[in-house]
*Asks:* 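Before I ask anything, let me first share the structure, which is written out below as structure tokens.
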Number of protein chains: 2
Amino acid sequence: MAERRSDATRAAILVAARERFASDGYERATIRSIAADADIDPSMVMRYYGNKEKLFAAAAEFDLQLPDVSAIRAQEIGSVLARHFLRRWEGDDTLTALLRAAATNAAAADRMRDLFGAQLLPVVAAVCPDPADAPRRAGLVASQMLGLALCRFVLRLPPMVAMPAEEAAAWVGPTIQRYLTSPA
Amino acid sequence: MAERRSDATRAAILVAARERFASDGYERATIRSIAADADIDPSMVMRYYGNKEKLFAAAAEFDLQLPDVSAIRAQEIGSVLARHFLRRWEGDDTLTALLRAAATNAAAADRMRDLFGAQLLPVVAAVCPDPADAPRRAGLVASQMLGLALCRFVLRLPPMVAMPAEEAAAWVGPTIQRYLTSPA
DNA sequence: TCTGAATGCCAACAACTGTTGGCATGAGAG
DNA sequence: CTCTCATGCCAACAGTTGTTGGCATTCAGA
């Protein structure tokens, strides 16, 4: 398939959509505001993405790119994962968009649960002592990492915004480590 | 001031508002739906609370009722606080309403930061070794507790919903303890 | 019993939402 | 050049939102 002339427009819409969803959440991010950011007519958004729900689905496509844990020393997995999450979060609006939207939109919450089950869970299962514990352990890891992201990027609690990523990872790393590998 | 006949109506509106804000978030919780839940005309909501923003402010009034930490043994503060948070969250829609709304509404996020600064911070300052660390330590505590609430009550991650409160507190307690009192 | 205020409902408003259809414009193939 | 189709914009739609003013009813105090 040759490159179409509209591909640039499609991409611009996606970028604007991610920014709006990230800063405003699902309902307050309007098709009109997204289109305005992309310097485009609102009807183009509809033509290229069908409707708002599908636009969000396209904008919220995300790969955590979790590292191969078998290549990491067992004792360091917690801090490696903490650092990885923070970096992934800071470099891309998509996760913040997903988190903000998931608080009020059912489809976004679904997507979040999918991401949890399809990407985080397998990694946890590969690391933790008893695979039967994996869902609970993964849930705990998610609660700490999502809570950190919530305070830092969504609620913007001043001390968590000011804290350098390296320091945050240093605090949270041992927590993740314990949730992953602590006996019981 | 004598009890007015409208006090029951005012209270019913507040209850319905909390439920709606908790389950739908700020923008999807409409005045009309709240009024319908309270079996009342939407215009009454306006008369008694002025506008939607003030209604939310009234519905999101909340006291964490944090215990007096000086009466608790230093080593147990983490698990006591974890249990307290979970119980407080489960018995009242207000915190879920506040959390859901804070993800997309600026006033709600403000309220959340207030609650953090006015109620959690002093307790942390009274416990942690160096008072200068209090904001950061309190921020970390918030990130874990809010993350837990997010996964359990908002995103409804299956393993976190299924986990008994006592088990969740047992996992999270040591984390809180470390954020509060660990050196460095 | 009469009066005035409190309480409640109805109807409507302007603004905004997602969404749609039709019409212009441009480029590229023949 | 001509024809065609993808790309883009404009105008409008139906529905929902927060919000308002007016009218009925009910209660409390004289």
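Numbered from 1 within each chain, the chains take letters A, B, ... in sequence-line order.
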*Asks:* Please report, rounded to the nearest Å, how far the P atom of D/dA11 is from the CE atom of A/Met46.
*Replies:*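 Computing the A/Met46:CE to D/dA11:P distance gives 19 Å.
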
*Asks:* Expressed in angstrom and rounded to an integer, what is the separation of B/Tyr49 atom OH from D/dT20 atom P?
*Replies:*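 Checked: the OH to P distance equals 17 Å.
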
*Asks:* Using whole Å, report how far CD1 of A/Ile40 lies from C1' of D/dT7.
*Replies:*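 Computing the A/Ile40:CD1 to D/dT7:C1' distance gives 10 Å.
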
*Asks:* Measure the distance from CZ on B/Arg47 to P on D/dG22 and round it to the nearest whole Å.
*Replies:*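 From B/Arg47 CZ to D/dG22 P: 12 Å.
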
*Asks:* Does a side-chain N or O from A/Thr30 land closer than 4.0 Å to OP1 or OP2 of C/dC16, or not?
*Replies:*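 No, no such contact exists.
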
*Asks:* Strictly by modelled atom types, are B/Thr104 and A/Arg100 linked by a side-chain donor-acceptor pair under 3.5 Å?
*Replies:*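 Result is no, nothing qualifies.
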
*Asks:* Side chains of B/Arg136 and A/Met160, heavy atoms from C-beta outward: is any pair under 4.5 Å?
*Replies:*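 No - every pair of side-chain heavy atoms lies 4.5 Å or more apart.
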
*Asks:* Need to verify one output field. Residue with the more 5' nearest nucleotide on DNA chain D, B/Ser43 or A/Arg32?
*Replies:*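 Looking at DNA chain D, the more 5' nearest nucleotide goes with A/Arg32.
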
*Asks:* I want to verify a distance call: between C/dT19, D/dT19, C/dC9, whose nearest atom is closest to the B/Asn51 side chain?
*Replies:*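 The listed nucleotide nearest to B/Asn51's side chain is D/dT19.
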
*Asks:* Do A/Lys52 and A/Tyr26 meet the cation-pi criteria used here (NZ or CZ under 6.0 Å from the six-membered ring centre, within 45° of the axis)?
*Replies:*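 Checked: cation-pi criterion met.
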
*Asks:* For B/Ser6 and B/Thr9, indicate whether the former's side chain and the latter's backbone hold a donor-acceptor pair under 3.5 Å.
*Replies:*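 Judged by distance alone, no pair lies under 3.5 Å.
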
*Asks:* Could you tell me how far apart A/Asp39 (CG) and D/dG8 (C1') are, to the nearest whole angstrom?
*Replies:*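 Taking atom C1' of D/dG8 as the reference, CG of A/Asp39 is at 13 Å.
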
*Asks:* A/Ile31 CD1 to C/dT19 P: how many Å, rounded?
*Replies:*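 Those two atoms, CD1 and P, are 6 Å apart.
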
*Asks:* Need one value for A/Tyr48: base, sugar-phosphate or nothing, where a base atom within 4.0 Å counts as base even if backbone is also close, heavy atoms only.
*Replies:*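 The residue A/Tyr48 makes sugar-phosphate contact but no base contact.
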
*Asks:* Given atom CE of A/Met44 and atom P of C/dA24, what is their separation to the nearest angstrom?
*Replies:*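 Those two atoms, CE and P, are 17 Å apart.
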
*Asks:* What is the distance, to the nearest angstrom, from the CZ atom on A/Arg10 to the C1' atom on D/dA6?
*Replies:*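 So the CZ-C1' distance, A/Arg10 to D/dA6, works out to 11 Å.
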
